[in-house]
Number of protein chains: 2
Amino acid sequence: MDFSNDLIRGSVVPIVLSLLKDKPMYGYEMVKVVNARTGGKLEWKEGTLYPALHRLAGTGLISAKWVAAPKGEAPGRKRKYYSITRKGLRELARRTEEWAQFSLAVDTMLSLG
Amino acid sequence: MDFSNDLIRGSVVPIVLSLLKDKPMYGYEMVKVVNARTGGKLEWKEGTLYPALHRLAGTGLISAKWVAAPKGEAPGRKRKYYSITRKGLRELARRTEEWAQFSLAVDTMLSLG
DNA sequence: CTTGACACCTAGGCTGCCTATGTATACAAT
DNA sequence: ATTGTATACATAGGCAGCCTAGGTGTCAAG
């Protein structure tokens with residue numbers, strides 16, 4: 001099952017914030033993790049994620065730091081690690097609650113609740 | 001809590017199809033019913049619904065029929081009643097399953113599952 | 001006779017997801 | 001040597017749906 005873009009929309013930001021709540025991550029890593037953790041159901045595209053990360057950094061919900069990859073792993077490559085800010089944590093709480101209420105409302109209307 | 005447009009997006013079509021599965025309805029009525037059934041959480045706008053109905057009719061998922069309102073209720077007014085088609089019923093099944101899987105995937109990523 | 005509820009409609013703007021493409025490095029395969 | 005694949009970042013342009021704001025017209029109530 002391939003999810004329509006219209007469903008995807010709006011789910012990227014809360015998921016990014018949720019990922020970063022646990023530990024700093026870089027974009028490419030997030031793509032892989034999301035694809036893996038959902039068994040390929042959610043298939044993030046780089047062209048979606050990178051601009052989203054820039055928006056989040058622009059509004060101060062996350063912050064970025066360039067880090068060289070460890071020698072044994074991917075020598076010579078630069079990774080842009082993102083961390084969630086305090087403001088981002090508050091936004092995560094808001095978005096998580098919003099999602100919970102929204103999905104409940106939709107379930108109700110689809111007689112799934 | 002006001003849901004962001006990005007979440008709303010994609011939920012309109014399955015909900016319309018689900019409503020029409022039970023009985024034919026007219027647009028204005030759908031707005032009221034959705035607002036009521038979700039306790040005001042989902043607040044549909046006419047400017048959203050009407051174009052959506054036209055799209056659904058255009059792709060043959062629903063069909064329309066003009067009906068005069070009953071004399072005792074709203075005399076003189078015309079209502080455009082929509083019914084779901086057989087094609088629409090199949091699409092409803094698809095969309096419902098899609099939503100179920102999608103919301104599960106998001107719950108997983110937000111540690112709500 | 002004005003207000004509000006009913007009932008429909010559309011144009012234009014905004015915004016975010018997608019496709020496609022590009023840069024650059026490292027390593028394996030041919 | 002060269003090609004391909006994985007890593008890791010980035011952007012431009014297209015597309016599509018939701019929203020705002022405005023419009024039409026009927027009728028009942030104040």
Side-chain angles (χ1 to χ4, degrees), chain A residues 2-16 24-36 42-59 61-62 64-82 95 102 106, chain B residues 2-16 24-36 42-59 61-62 64-82 95 102 106:
Chain A
D2 240 26
F3 301 135
S4 86
N5 305 343
D6 297 325
L7 284 184
I8 301 296
R9 202 168 167 130
S11 69
V12 174
V13 165
I15 291 177
V16 165
M25 291 179 73
Y26 56 100
Y28 194 80
E29 184 186 12
M30 295 182 207
V31 172
K32 302 298 177 192
V33 166
V34 167
N35 293 356
L42 275 179
E43 242 185 301
W44 277 10
K45 312 294 158 44
E46 295 178 48
T48 298
L49 182 58
Y50 289 126
L53 290 173
H54 300 161
R55 282 194 298 275
L56 288 172
T59 52
L61 300 181
I62 63 179
K65 187 173 60 171
W66 284 98
V67 175
K71 282 173 191 163
E73 200 178 331
R77 290 189 204 110
K78 299 275 186 183
R79 293 169 176 170
K80 202 169 177 181
Y81 273 87
Y82 290 94
R95 295 271 201 160
F102 172 73
V106 174
Chain B
D2 239 27
F3 300 134
S4 86
N5 305 343
D6 297 325
L7 283 185
I8 300 295
R9 201 167 167 135
S11 69
V12 174
V13 165
I15 291 177
V16 165
M25 291 180 74
Y26 56 101
Y28 194 82
E29 184 187 11
M30 295 182 207
V31 172
K32 302 298 176 193
V33 166
V34 167
N35 292 356
L42 275 180
E43 240 185 302
W44 277 10
K45 314 292 158 43
E46 294 178 46
T48 297
L49 181 59
Y50 289 125
L53 291 173
H54 300 160
R55 282 195 298 275
L56 288 172
T59 52
L61 300 181
I62 63 179
K65 187 173 59 172
W66 284 98
V67 175
K71 283 174 191 163
E73 199 177 333
R77 290 189 202 109
K78 300 274 188 185
R79 293 168 176 171
K80 201 167 175 182
Y81 274 87
Y82 290 94
R95 295 271 201 160
F102 172 73
V106 173

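Atom set for the values below is all heavy atoms of this structure, side chains included, hydrogens, waters and symmetry mates excluded.
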Side chain of Arg55(A) (C-beta onward), nearest among dC9(C), dC9(D), dC17(C):
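Selected nucleotide (nearest to the side chain): dC17(C).
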
Nearest of dC17(C), dC9(D), dG17(D) to any side-chain atom of Asp6(A)?
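Nearest nucleotide to the side chain: dG17(D).
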
Does the side chain of [X] reach to within under 4.5 Å of the side chain of [Y], using non-hydrogen atoms?
| X | Y | result |
| --- | --- | --- |
| Asp6(B) | Val12(A) | no |
| Ile15(B) | Trp44(B) | yes |
| Val106(B) | Leu7(A) | no |
| Lys80(B) | Leu53(B) | no |
| Phe102(A) | Ser11(B) | yes |

Return no unless some side-chain N or O of Arg9(A) is found under 4.0 Å from OP1 or OP2 of dC15(D).
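False: Arg9(A) side-chain N/O out of range (4.0 Å or more) of dC15(D) OP1/OP2.
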
Is any side-chain N or O of Lys45(B) closer than 4.0 Å to OP1 or OP2 of dA21(D)?
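No, no such contact exists.
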
Please report the distance, rounded to the nearest Å, between [atom1] in [X] and [atom2] in [N].
| X | N | atom1 | atom2 | result |
| --- | --- | --- | --- | --- |
| Asn35(A) | dT7(D) | CG | P | 12 Å |
| Met30(B) | dA7(C) | CE | P | 13 Å |
| Glu43(A) | dC17(C) | CD | P | 16 Å |
| Met25(B) | dC8(C) | CE | P | 11 Å |
| Leu49(A) | dC17(C) | CG | P | 10 Å |
| Trp66(A) | dA24(C) | CH2 | P | 14 Å |
| Asn5(B) | dC17(C) | CG | P | 13 Å |
| Lys78(A) | dA10(D) | NZ | C1' | 16 Å |

Just to be sure I understand the rule, does Trp44(A) reach a base, reach only the sugar-phosphate, or reach nothing, if contact means heavy atoms closer than 4.0 Å?
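Trp44(A): no heavy atom of the nucleic acid under 4.0 Å.
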
Output the distance between atom OH (Tyr26(A)) and atom NZ (Lys78(A)), rounded to the nearest 0.5 Å.
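Output value for this atom pair is 14.5 Å.
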
Arg95(B) side, atom CZ; Leu61(B) side, atom CG - distance, nearest 0.5 Å
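If I round to the nearest 0.5 Å, the distance is 8.0 Å.
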
Which atom pairs link the protein and nucleotides 10-13 of chain C when you take only N or O atoms and keep those under 3.5 Å?
from    : atom 1 : to       : atom 2 : distance (Å)
dT10(C) : OP2    : His54(B) : ND1    : 3.2

Tyr28(B): ring pair (Phe, Tyr, Trp, His ring centres under 6.0 Å) partners, not counting sequence neighbours
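Tyr28(B): no ring pair (Phe, Tyr, Trp, His ring centres under 6.0 Å) contacts found.
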
Do you know which two heavy atoms are closest between Asn35(B) and Glu43(B), and how far apart they sit?
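Where Asn35(B) meets Glu43(B) most closely, the heavy atoms are OD1-CA, 3.2 Å.
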
Table of protein N/O atoms under 3.5 Å from nucleotides 3-6 of chain C N/O atoms:
from   : atom 1 : to       : atom 2 : distance (Å)
dC6(C) : OP2    : Tyr28(B) : OH     : 3.3
dC6(C) : O2     : Arg77(B) : NE     : 3.4

